[in-house]
Trainee: 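Structure incoming, see below.
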Amino acid sequence: MNTTLINASQISESWTRYGDWRIAPAGVPWFTEGNYVTLGDDVTLGNYVKLGNAVKLGNHVTLGDDVTLGDDVKLGDGATGAVDIGYADGCRKAVCQVQGVAYVGAGCRWFTLADAIKHWSNKPDRVMTLALLQSAIAIANLKGWKYE
């Protein structure tokens with residue numbers, strides 16, 4: 001399948017706004033009508049991308065074909081290769097890479113996978129998050145992303 005990237009930032013410029021949020025109209029294949037989204041500059045989406053409500057994508061984020069990110073995922077500037085790793089402990093998490101380094105977006109947090117592991121280690125109320133981070137480590141290994 002050939003990837004045909006579209007510039008979602010340009011397409012969403014005319015959408016209704018609510019503060020920093022843009023509200024998806026009917027007929028947009030990547031969002032359910034009424035979903036809120038914040039898109040940075042030059043966000044590009046491939047074929048069959050599906051984004052949940054309250055997704056925040058930073059500047060120059062690229063999502064290739066068949067990416068699905070659930071509600072409340074946040075990816076920082078320059079993120080590519082995003083994989084939704086699930087919901088635990090109050091927020092959805094995704095792993096991606098920026099210039100070959102694995103990053104985790106989790107609710108309002110955006111940091112390297114190594115920093116995410118340090119942040120949530122030894123917190124008994126975050127054992128499910130640590131389980132999801134094991135998936136993030138496996139994904140980073142499969143994709144050749146650095147995380148230590």
Side-chain angles (χ1 to χ4, degrees), residues 1-117 119-120 126 128-147:
M1 175 184 337
N2 291 334
T3 300
T4 304
L5 295 175
I6 58 97
N7 189 318
S9 301
Q10 290 176 349
I11 291 170
S12 66
E13 270 303 308
S14 64
W15 295 2
T16 301
R17 293 189 181 245
Y18 181 77
D20 290 338
W21 296 104
R22 297 176 191 182
I23 303 170
V28 179
W30 319 286
F31 301 100
T32 300
E33 179 180 359
N35 277 6
Y36 285 42
V37 62
T38 299
L39 301 175
D41 295 334
D42 298 317
V43 171
T44 55
L45 305 177
N47 298 313
Y48 310 109
V49 169
K50 186 71 176 167
L51 302 175
N53 190 36
V55 169
K56 294 181 180 184
L57 303 178
N59 296 325
H60 312 290
V61 171
T62 299
L63 301 178
D65 293 344
D66 301 307
V67 173
T68 298
L69 298 176
D71 294 348
D72 302 310
V73 168
K74 175 187 174 186
L75 301 180
D77 295 347
T80 62
V83 178
D84 188 319
I85 56 174
Y87 181 90
D89 302 322
C91 65
R92 182 158 295 282
K93 286 124 179 110
V95 62
C96 59
Q97 64 94 23
V98 176
Q99 297 180 346
V101 176
Y103 274 75
V104 172
C108 65
R109 303 205 181 269
W110 172 250
F111 38 32
T112 67
L113 178 52
D115 287 341
I117 293 166
H119 176 78
W120 283 308
R126 296 294 185 252
M128 290 296 292
T129 292
L130 289 171
L132 293 180
L133 291 181
Q134 292 303 308
S135 294
I137 291 168
I139 291 164
N141 285 331
L142 286 169
K143 294 186 174 273
W145 300 339
K146 298 175 194 143
Y147 62 91

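Throughout, residue positions are numbered sequentially from 1 according to the sequence presented.
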Trainee: For the pair N59 (side chain) and G40 (backbone), establish whether a donor and an acceptor sit closer than 3.5 Å, ignoring hydrogens and angles.
Mentor: no
Trainee: Could you tell me which non-hydrogen atom of A116 sits nearest to which non-hydrogen atom of F111, and how far apart they are?
Mentor: CB-CE1, 3.2 Å
Trainee: Just by distance, do the side chain of K93 and the backbone of L133 share a donor-acceptor pair under 3.5 Å?
Mentor: no
Trainee: Can you tell me if N7 uses its side chain to pair, donor with acceptor, with the backbone of D42 under 3.5 Å?
Mentor: no
Trainee: Where is the tightest heavy-atom contact between I85 and A136, given as atom of each residue plus distance?
Mentor: CD1-CB, 4.0 Å
Trainee: Please give me the minimum heavy-atom distance between G52 and N35, naming the atom from each residue.
Mentor: C-ND2, 3.5 Å
Trainee: Under 3.5 Å, is there a donor on one side chain and an acceptor on the other for T62 and T80?
Mentor: no
Trainee: Using a 3.5 Å cut-off and no angle test, enumerate the donor-acceptor pairs between side-chain atoms of residues 18-26 and protein atoms at least two apart in sequence or in another chain.
Mentor:
| residue | atom | partner | partner atom | Å |
| --- | --- | --- | --- | --- |
| R22 | NH1 | S9 | O | 3.3 |
| R22 | NH1 | S12 | OG | 2.4 |
| R22 | NH2 | E13 | OE2 | 3.0 |

Trainee: Parallel under 30°, tilted from 30 to 60°, perpendicular over 60°: which one fits the rings of W15 and F31?
Mentor: perpendicular
Trainee: Let's go through L63 and V61 carefully: what are the C-alpha distance in whole Å and the side-chain angles of both, what is the deciding distance for side chain to side chain contact (heavy atoms under 4.5 Å, CB included) to 0.1 Å, and is it a yes or a no?
Mentor: CA-CA 7 Å; L63 301 178; V61 171; 4.2 Å; yes
Trainee: Provide the closest heavy-atom pair for W110 versus A79 in the form atom of the first, atom of the second, distance.
Mentor: CH2-CB, 3.9 Å
Trainee: Can you tell me which residue among V28, L45, I6 is in a side-chain contact (heavy atoms from CB on, under 4.5 Å) with I11?
Mentor: I6
